[in-house]
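The first residue of the sequence shown is numbered 1, and numbering continues consecutively from there. Because only heavy atoms are used, hydrogens play no part in the values below, and waters and symmetry mates are left out as well, while side chains stay in.
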Amino acid sequence: MKQGRQGKQAGEAERAARDQGGKSGAHGSKGLSVWQLTMLALGTVVGGSFFLGSSVAIRAAGPSVLLAYVIGGVLVYCILSALSEMTVANPASGSFRTYTEQAFGRGAGFMVGWVYWTGLVLAMSSEATAVSILLRGWFPALPLAAAGAGIIVLVTLLNLLGAERLSRLESGLAAVKLLAIAAFIVLALVIVAGIVGIGSGAAGTAGLNVLRGQRFFSGGIAGIAGSMLMVMFTYAGFEVLGLAASETGNPRVTIPQAIRRTILLLVSLYLAAMAALFLLLPPARVSGEVSPFVSALSLYGLGWAGNVMNMVLVSAILSTMLASVFGLGRMLRSLAEEGHTPGWMRDHGDIPYRGILISGGSMLAGLGLGLLLPQGVYLFLVSSGGFSLLFSYFIIVASHYRLRQKHGRPLTGQRGQRGYPYSSWFAMGGLLAILASMPLIPGQGGGLAAGIMFVLLFSGIYTIQALRRRSSLRDGRHPGLQVNAPVARAQMEAAEELTGGRPQAEADRKPVDEESN
C-alpha cells in the first residue's frame with residue numbers, strides 16, 4: 001500500500017509538473033502562439049474533404065449549401081466555445097477526454113478516448129492511401145503500399161520534432177491551402193469580370209448568367225439536411241486546439257483567441273469559395289469524382305489548374321495527417337496517464353514519443369488491413385473515422401453542459417459560453433441529427449454501424465477490466481506477486497468506483513470547477 005501511495009504521488013507530481021510547464025511555456029520556449037495554434041487548427045481542418053468532398057454537399061443542396069456552411073459554422077462555434085471554457089479552466093493534455101472523465105466518470109473517459117483514437121487512426125491510414133493514389137498519377141511506377149507506408153513514416157517522424165517545429169511546418173502547409181482557396185476566389189472574380197479569355201462553349205456564361213439558371217433551394221430542406229454531414233466533415237479537426245492547450249504559453253489567453261480566429265477564417269473562406277464557385281459552375285455539372293474547383297476552372301480554359309489543385313490536395317492531406325498524429329500522440333499519452341493502457345505506453349517527457357510512435361505504427365497496421373481485408377470490410381472500419389469525430393464533438397458539448405450544471409456558473413469564473421444553455425441544446429440536437437442522418441448518405445451507413453460497434457467494444461473492455469480488478473481485490477493478492485504502483489492505483493480506483501465510492505485519484509486531482517475558484 002505504501003508503494004502504491006508513493007507511485008501515485010510521483011505520478012501526480014509528474015503530471016502537475018508537465019501541466020505547469022504547458023501553462024508557463026516551460027518547454028525551453030514561450031510555447032505555441034495564437035497564430036501557430038490557429039495555423040495548426042487550419043492545417044487539420046482544411047483538407048481533402050473540402051477540396052474534393054464538398055462536391056457531395058453541393059450535389060445534395062445546390063446553392064443552398066451556403067446556408068449549410070453557415071449552420072455548420074454556428075455548430076462549430078458552439079462546440080469550440082464549450083471546449084474553450086473547459087480548456088481555460090483546466091488546460092489538461094487530455095483535453096475533451098479528461099473533461100468527459102470529470103463529467104461522466106472513468107469509464108466514459110476510457111471509451112471516448114479509445115473511440116476517438118481508433119477512428120482517427122483508421123481514417124488517417126485511408127488518407128495515406130489517397131495521397132499515394134494522387135502521387136501515382138505523376139509517378140505510375142510507384143508501388144501503392146510503399147508510398148503509403150513512406151508517407152505514414154514521414155508524418156510520424158516529423159511529429160517527433162516537437163510542437164514548436166511541427167507548428168512551423170504546419171503553418172507553411174496551411175498557408176498553401178489557404179492561398180489556394182484565396183487564389184480560386186480571385187480567379188473566379190477575374191473570369192466573371194472578363195479579364196481572362198474564356199474557353200469555347202462557356203463564353204458569356206460566367207457570373208449572373210450562371211446564377212439565373214439556379215434555384216437557391218434546389219434540393220429543398222432535405223437537401224440541406226443531406227449536405228450537413230459532409231459540411232461538418234469539412235470543419236472536422238478543430239479539436240486539436242484543445243489537445244494543444246498544454247503546449248501553449250498562456251492557455252487562458254491563447255486558446256480563446258485562436259478559436260475566434262479559426263472560426264472567422266474558416267467560415268469566411270468557405271463561404272467566399274462556395275459563392276465564387278456558383279458564379280462559375282452550375283451545381284448540375286458538379287461531379288462526385290472530380291474536385292468542383294478543378295471542374296470550374298477547366299470549364300473556362302484553365303485546365304492546368306487540375307495539376308495545381310492536385311498538388312494542393314496532396315499538401316492538404318499531408319497537413320491534416322501531421323496535425324492528426326499530433327493529436328493522436330497526446331490522446332494516447334492522456335490515456336496512459338490515467339492507467340487506461342499498459343504501463344509501457346506511458347511517456348515521461350514533454351514530447352509524447354511513445355504515443356506518436358504507437359499511433360504511427362497503428363496507422364501502418366491500418367494501411368496493411370486495407371491491403372489484406374476485403375474492400376467492403378476495410379471501408380466499413382475506415383468509415384468509423386467520421387463517426388468518431390462527430391461523437392467526440394457531441395461529448396465535448398455534453399461534458400461542458402454537465403460540468404456547468406454541477407458548478408452552477410461559468411467554469412472560469414468569468415463570462416462563459418454565449419447563449420448557454422440554449423447553445424448547448426442546439427449543438428447537441430444538431431449533432432445527434434447529423435449522426436442519425438449518416439445512413440441516408442451513400443457510403444456513410446457503415447460509418448455509423450462501425451462507430452457504434454467501437455463504442456460498445458471499448459465500453460465492454462472497460463467493464464471487463466473493472467470487474468477483473470474488483471475480483472482480484474476481493475480474492476486478495478498472491479504473496480509473491482509484485483504489483484507496480486500504476487496498476488495498484490488503477491485497481492484501487494476501479495474497486496471504489498464499482499462500489500459507489502469516489503476514486504481516490506479523483507479526490508486528489510482538482511476538478512474543473514475547483515480550479516476556477
| request: Taking atom types as modelled, find out whether Lys177 and Ser319 have a side-chain donor-acceptor pair closer than 3.5 angstrom. | output: yes
| Which distance, rounded to the nearest 0.5 Å, do you find between the CD1 of Ile396 and the OG of Ser84? | 11.5 Å
| task | Measure the spacing between NE2 of His400 and CD1 of Ile395 and express it to the nearest 0.5 Å. | result | 14.5 Å
| said: For the CD atom of Gln36 and the OG1 atom of Thr254, what is their distance to the nearest 0.5 Å? | reply: 10.5 Å
| query | Would you say the side-chain atoms of Ser315 pair up with the backbone N or O of Val312, donor to acceptor, closer than 3.5 Å? | reply | yes
| query | Ser132 side chain to Gly148 main-chain N or O, any donor-acceptor pair under 3.5 Å? | reply | yes
| message | Here's a test for you: under side-chain contact (heavy atoms from CB on, under 4.5 Å), which of Ile152, Thr320, Val325, Val155 qualifies with Met124? | response | Thr320
| message | Under the criterion side chain to side chain contact (heavy atoms under 4.5 Å, CB included), I'd like the reasoning laid out for Ile58 against Met274: C-alpha separation, chi angles, the key distance, then a yes or no. | response | CA-CA 9 Å; Ile58 294 170; Met274 286 291 112; 4.0 Å; yes
| With a 4.5 Å limit on heavy-atom distance, are the side chains of Trp138 and Asn310 in contact? | yes
| field | Side chain proximity check, Met111 to Thr100, heavy atoms < 4.5 angstrom | value | no
| Going through the checks in order, is the side chain to side chain contact (heavy atoms under 4.5 Å, CB included) test met by Leu328 and Leu332? | CA-CA 6 Å; Leu328 285 169; Leu332 199 58; over 6 Å; no
| request: Locate the shortest heavy-atom distance separating Tyr77 from Ile263; write the atom from each residue and the value. | output: N-CD1, 3.9 Å
| task | Could you tell me whether a side-chain N or O of Asn90 sits under 3.5 Å from a main-chain N or O of Met86, the two making a donor and an acceptor? | result | no
| message | Are Cys78 and Ser424 packed together at the side-chain level, in the sense that at least one heavy-atom pair is separated by less than 4.5 angstrom? | response | no
| message | Would you call the rings of Tyr270 and Phe50 parallel, tilted or perpendicular, taking 30° and 60° as the class edges? | response | parallel
| field | Single hit among Phe391, Phe96, Phe454 for ring pair (Phe, Tyr, Trp, His ring centres under 6.0 Å) with Tyr116 | value | Phe96
| field | Exercise: identify the closest heavy-atom pair between Ser359 and Val121 | value | O-CG2, 4.4 Å
| request: Would you confirm whether Ser268, through its side chain, and Leu265, through its main-chain N or O, come within 3.5 Å as a donor-acceptor pair? | output: no
| query | Looking only at atom types and distance, does a side-chain atom of Asn159 sit under 3.5 Å from a main-chain N or O of Leu322, one as donor and one as acceptor? | reply | yes
| query | Angle class for the Trp117/Trp114 ring planes (parallel below 30°, perpendicular above 60°, tilted otherwise)? | reply | perpendicular
| Any donor-acceptor pair under 3.5 Å linking the side chain of Arg330 with the backbone of Pro352? | no
| message | Please determine whether side chain to side chain contact (heavy atoms under 4.5 Å, CB included) holds for the pair Val397 and Phe426, giving the CA-CA distance in whole Å, both sets of side-chain angles, and the decisive distance to 0.1 Å. | response | CA-CA 10 Å; Val397 182; Phe426 170 76; over 6 Å; no
| query | For Arg418, does its backbone N or O pair with a side-chain atom of Ser423 as donor and acceptor, under 3.5 Å? | reply | yes
| Closest contact, heavy atoms only, Ala275 versus Leu66 | N-CD2, 3.9 Å
| Do any N or O atoms from the side chain of Tyr393 and from the backbone of Ser388 form a donor-acceptor pair under 3.5 angstrom? | no
| note | To the nearest 0.5 Å, atom CG of Leu297 lies from atom OG of Ser291 at 8.5 Å
| task | Mind listing the closest non-hydrogen atom pair of Ile181 and Ala273 along with its distance? | result | CG2-CB, 3.8 Å
| query | Tyr99 ring centre to Arg97 NZ or CZ under 6.0 Å, with the angle to the axis within 45°? | reply | no
| query | Hey, does the side chain of Ser383 reach the backbone of Gly447 with a donor-acceptor pair shorter than 3.5 angstrom? | reply | yes
| task | Might you confirm whether atom CH2 of Trp35 has over 12 heavy atoms from other residues, nucleotides or ligands at distances under 6.0 Å? | result | no
| said: If you compare all heavy atoms of Leu367 against all heavy atoms of Ala145, which two are closest, and at what distance to 0.1 Å? | reply: CD2-O, 3.9 Å
| remark: Rounding to 0.5 Å, atoms CD1 (Ile133) and CG (Leu142) come to a distance of 11.5 Å
| task | Indicate yes or no for a side-chain donor-acceptor contact from Arg354 to the backbone of Trp344 under 3.5 Å, with no hydrogens or angles considered. | result | yes
| said: Can you give me the closest heavy-atom contact between Ala188 and Ala276, atom names plus distance? | reply: CB-CB, 3.7 Å
| request: Tell me, with the steps shown, if Leu80 and Leu83 meet side chain to side chain contact (heavy atoms under 4.5 Å, CB included). | output: CA-CA 5 Å; Leu80 276 176; Leu83 181 61; 4.3 Å; yes
| remark: Rounded to the nearest 0.5 Å, the CD1 atom of Ile71 sits from the OG atom of Ser64 at a distance of 9.0 Å
